[in-house]
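Naming convention: chains lettered A, B, ... in sequence-line order (proteins, then strands); numbering from 1 in each chain.
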Amino acid sequence: MSAEQAILQRWIERTLKSYPDGMAGFLGEERDPFRNPVGHTLRENLTTLLQELMGTMDQKRVAPALDALVRMRAVQNFSPAEAVRFVFGLRQAVFEVSGAVPDSLATRIDELALMAFDQYMSCREQIFELRAKEIRRRAQYAAFEEGEEP
Amino acid sequence: MQEKLIQIEQEPPRGDWRDPHVEFHKGAMCYSAAAKNLTYLGLPNPRTWQPTDSNWKLPPDWKKIILAGMKERLKKYRSFRLFMDICVRCGACADKCQFYLGSADPKNMPVARAELMRSIYRRYFTLTGRIFGSLAGGRELTEDVIKEWYSYYYQCTECRRCSVYCPYGIDTAEITMMGRELLTLIGCNINWVMEPVANCYRTGNHLGIQPHGFKDSIDFAANEASEITGLKIEAPINRKGAEVLFVMPSADYFATPHYYTLLGYLMLFHQIGLDYTVSAYASEGGNFGFFASHELMKRLNAKIYDEAKRLGVKWILGGECGHMWRVLHQYMDTMNGPADFLEVPVSPFTGTVFENARSTKMVHICEFTADLIHHGKLKLDPSRNDHWRVTYHDSCNPARGMGLLEEPRYILHQVSRRFHEMPENTIREQTFCCGSGAGLGTDENLEVRLRGGFPRANAVRYVKQKHGVNLLTCICAIDKATLPTLLEYWVPGVEVGGVHELVGNALVMTGEKERTTDLRGEPLASAALPASGEMEAVHA
Ligand code: SF4
Ligand code: SF4
């Protein structure tokens with residue numbers, strides 16, 4: 001196993017640990033993307049992010065991968081900090097495998113964390129907008145309801 | 001420093017499932033039923049409260065009521081006792097629930113959801129449980145258990161996906177139904193179920209639309225269908241002596257995108273010359289009573305046969321509705337039948353006898369239309385749907401609840417040239433629920449819906465990326481109401497529509513003017529594909 005693979009493995013495991021007891025097994029092991037959408041989303045996008053962090057940080061790949069992860073975690077009953085904490089998990093993963101985190105990588109991880117916060121906020125805002133939209137739609141329909149019952 | 005960070009990252013202690021304590025979070029729970037709705041329906045313990053309150057104001061003898069209610073139901077419903085007894089905890093159902101898959105919350109495993117009730121059953125209704133308590137898998141019935149039931153029986157859409165995989169056929173949906181019935185006995189209901197039920201009881205439909213409002217909506221749609229086609233399309237209301245009573249979910253005439261499906265029905269009925277009527281009394285196919293108790297379901301369902309009798313029709317045709325069909329298929333005949341005043345449905349155009357509807361006397365619009373197409377009774381121009389790349393979401397109730405799998409697909413293949421299935425383990429009997437059924441589709445519960453709908457959206461995203469799918473069709477009013485929000489969050493760029501909306505687009509009508517737009521008023525894209533264009537690959 002290459003160092004990068006070992007880091008990825010640890011990063012995925014750390015992220016899985018943020019889910020309730022007993023969940024890591026299923027989320028980590030079931031490989032069918034449709035039977036295990038959460039595990040699949042984690043694995044696929046953490047892989048992309050690691051490649052980019054170690055590579056050229058191509059925004060066209062970083063942004064959608066980060067979005068997929070944060071979008072999912074933004075509705076999974078995590079506090080804001082818990083939702084984006086997975087980004088910092090990479091620091092530990094690198095440390096455990098390599099014994100040190102190079103400055104350049106540490107900076108990129110920090111950058112990524114800030115992007116994750118932004119993305120988290122925009123997902124939460126979108127949820128509120130979607131709620132507001134449903135309420136407005138409901139109010140429109142209620143206009144059909146002529147005359148409340150006593 | 002590093003060590004400390006690692007410490008912080010330890011998994012949060014979320015405890016084991018036997019601990020009934022739950023936290024209610026705003027945005028991820030349903031509001032309680034308003035007292036006026038319970039009062040209107042004559043249901044127990046109307047009061048002002050919310051799940052986030054520490055005191056739920058239960059009746060003083062709530063425990064006695066629940067245990068007596070359980071006892072009664074264990075006797076009345078054999079399936080309930082069986083489901084309580086026979087689970088071997090093999091785990092086959094565990095990872096099949098979309099709420100579990102989307103939330104990664106172990107209490108959303110179907111087997112755990114059932115265990116919330118089963119542990120009480122063991123403790124109070126089995127000998128070993130009474131003696132050994134928790135050693136025999138029993139739990140004390142406490143207020144926390146009631147709160148836990150409310151949380152988890154309102155995080156289940158009664159979709160039955162889990163039951164498909166259980167070797168014993170245990171249907172966790174039925175356990176959820178029992179849970180909700182028991183909660184009803186002590187006034188722990190959600191408003192999104194009880195308000196529609198109260199409205200429906202009062203006016204015949206969920207929104208409380210009165211007869212003149214109903215007539216306005218239907219007339220409006222008939223006018224619009226006339227404008228689109230240049231024909232004089234009418235929609236008869238309360239017409240005695242019609243051959244067929246047509247019943248649809250009320251959303252079809254007051255909500256979008258349902259409304260385009262209504263236009264499709266009206267155009268179809270006009271073209272074939274169906275002798276039919278709609279009814280201002282049976283103006284709701286949906287039945288939210290089903291989401292609270294058998295008794296409420298029966299009360300609301302009764303109006304369909306009553307109205308068929310009053311109007312003197314021969315048989316009933318039903319529109320694109322989800323749980324209307326589950327109620328019809330599983331309960332209507334025994335609950336409010338026999339409908340011996342009706343005739344076995346026969347299509348007046350093809351002579352087909354709908355044997356499957358011999359006892360209920362009610363035919364699904366997709367069965368009816370597929371039969372018309374099969375017999376060459378409709379002229380269709382699928383190129384009018386070329387601006388859509390279509391996939392089909394099997395709505396849980398028609399698919400798993402009544403086995404309607406082929407008819408909608410047969411129709412879609414005839415009315416569109418760009419149809420792509422989602423992956424096999426997400427459709428047909430294995431379909432993932434929209435995550436908003438059974439009364440959960442309210443805005444205050446959006447986060448739970450987004451979690452539960454994630455597996456469905458994940459499969460939609462796949463066909464969008466692979467085939468450019470931009471329309472998710474379905475035959476359920478709740479789907480049409482809630483999937484647009486779901487897709488906007490998870491897969492922007494995919495719209496939601498009905499099967500009969502696409503039928504309306506493709507239907508070539510006698511004497512119609514040339515169509516330049518679809519039923520939504522969007523320009524047609526017929527030029528984009530060659531007239532006899534090849535069908536695209538059908539399977540993902
Ligand atoms: S939501 Fe569906 S799959 Fe999940 S427990 Fe309920 S019936 Fe089973
Ligand atoms: S599949 Fe059936 S028997 Fe197995 S755990 Fe689930 S409900 Fe129990």
Side-chain angles (χ1 to χ4, degrees), chain A residues 14-24 26-27 30 32-41 68 71-72 74-79 81-82 85-86 88-89 91-92 95-96 100-101 123-124 126-138 140-149, chain B residues 2 5-6 8-16 23 25 27-28 40 94-96 101-107 198-199 202-203 207-210 212-214 216-217 251 254-256 422-426 432 442-444 446-448 450-451 454-455 457-459 462 481-482 485 488-490:
Chain A
R14 286 189 159 276
T15 309
L16 290 176
K17 280 193 177 170
S18 60
Y19 291 91
D21 288 353
M23 285 306 301
F26 171 74
L27 293 176
E30 171 59 63
D32 183 315
F34 304 105
R35 289 187 59 178
N36 179 13
V38 172
H40 173 72
T41 302
R71 186 164 292 278
M72 180 174 85
V75 298
Q76 282 178 330
N77 212 10
F78 290 116
S79 72
E82 282 172 333
R85 176 168 283 156
F86 72 92
F88 296 111
R91 209 197 291 253
Q92 273 75 47
F95 183 80
E96 284 165 21
V101 185
C123 286
R124 296 299 304 182
Q126 193 192 1
I127 292 167
F128 286 112
E129 278 163 20
L130 289 169
R131 274 189 72 177
K133 210 163 149 182
E134 288 199 349
I135 293 170
R136 275 201 304 278
R137 218 181 299 149
R138 213 201 298 173
Q140 270 170 17
Y141 301 153
F144 276 84
E145 200 179 344
E146 289 156 72
E148 271 279 321
E149 197 66 11
Chain B
Q2 295 292 349
L5 275 175
I6 292 171
I8 293 170
E9 280 203 281
Q10 289 304 313
E11 33 193 302
R14 304 215 186 184
D16 78 319
E23 303 256 345
H25 296 282
Y40 189 84
D95 56 357
K96 302 306 186 294
L101 294 180
S103 67
D105 173 355
K107 278 191 187 174
N199 281 339
R202 193 174 75 234
T203 66
L207 206 75
I209 298 170
Q210 297 183 19
H212 54 285
F214 173 78
D216 285 350
S217 309
F254 71 76
T256 41
M422 286 183 275
E424 208 54 48
N425 55 359
T426 73
F432 279 120
T442 170
D443 68 273
E444 76 260 17
L446 183 55
E447 278 174 55
V448 168
L450 289 172
R451 286 173 212 160
F454 180 50
N458 182 51
Y462 176 78
T482 62
T485 305
E488 201 173 327
Y489 185 76
W490 294 113

Side chain of B:Trp490, backbone of B:Leu450: donor and acceptor closer than 3.5 Å?
yes
Non-hydrogen side-chain atoms of [X] and [Y] separated by less than 4.5 Å:
X: A:Arg85; Y: A:Thr15; result: no
X: A:Val38; Y: B:Phe454; result: yes
X: A:Ser18; Y: A:Phe78; result: yes
X: A:Gln76; Y: B:Glu447; result: no
X: A:Met23; Y: B:Pro106; result: yes

Contacting region of [X] [heavy-atom separation from chain A under 4.5 Å]:
X: B:Thr485; answer: both
X: B:Ala459; answer: both
X: B:Phe214; answer: neither
X: B:Leu446; answer: side chain
X: B:Ala481; answer: backbone

Choice from [options] maximising heavy atom contacts with chain A below 4.5 Å:
options: B:Glu444, B:Glu23, B:Lys96; answer: B:Glu444
options: B:Asp105, B:Thr482, B:Asn425; answer: B:Asn425
options: B:Ser103, B:Gly102, B:Gly27; answer: B:Gly102

Counting only heavy atoms closer than 4.5 Å, note whether A:Leu27 contacts chain B via side chain, backbone, both or neither.
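Only the side chain of A:Leu27 comes within 4.5 Å of chain B.
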Need one label for A:Phe26: side chain, backbone, both or neither, based on atoms under 4.5 Å from any heavy atom in chain B.
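Looking at A:Phe26, just its side chain touches chain B.
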Please name all residues satisfying side-chain contact (heavy atoms from CB on, under 4.5 Å) with A:Ala24, sequence neighbours left out, ordered by chain then number.
A:Leu16
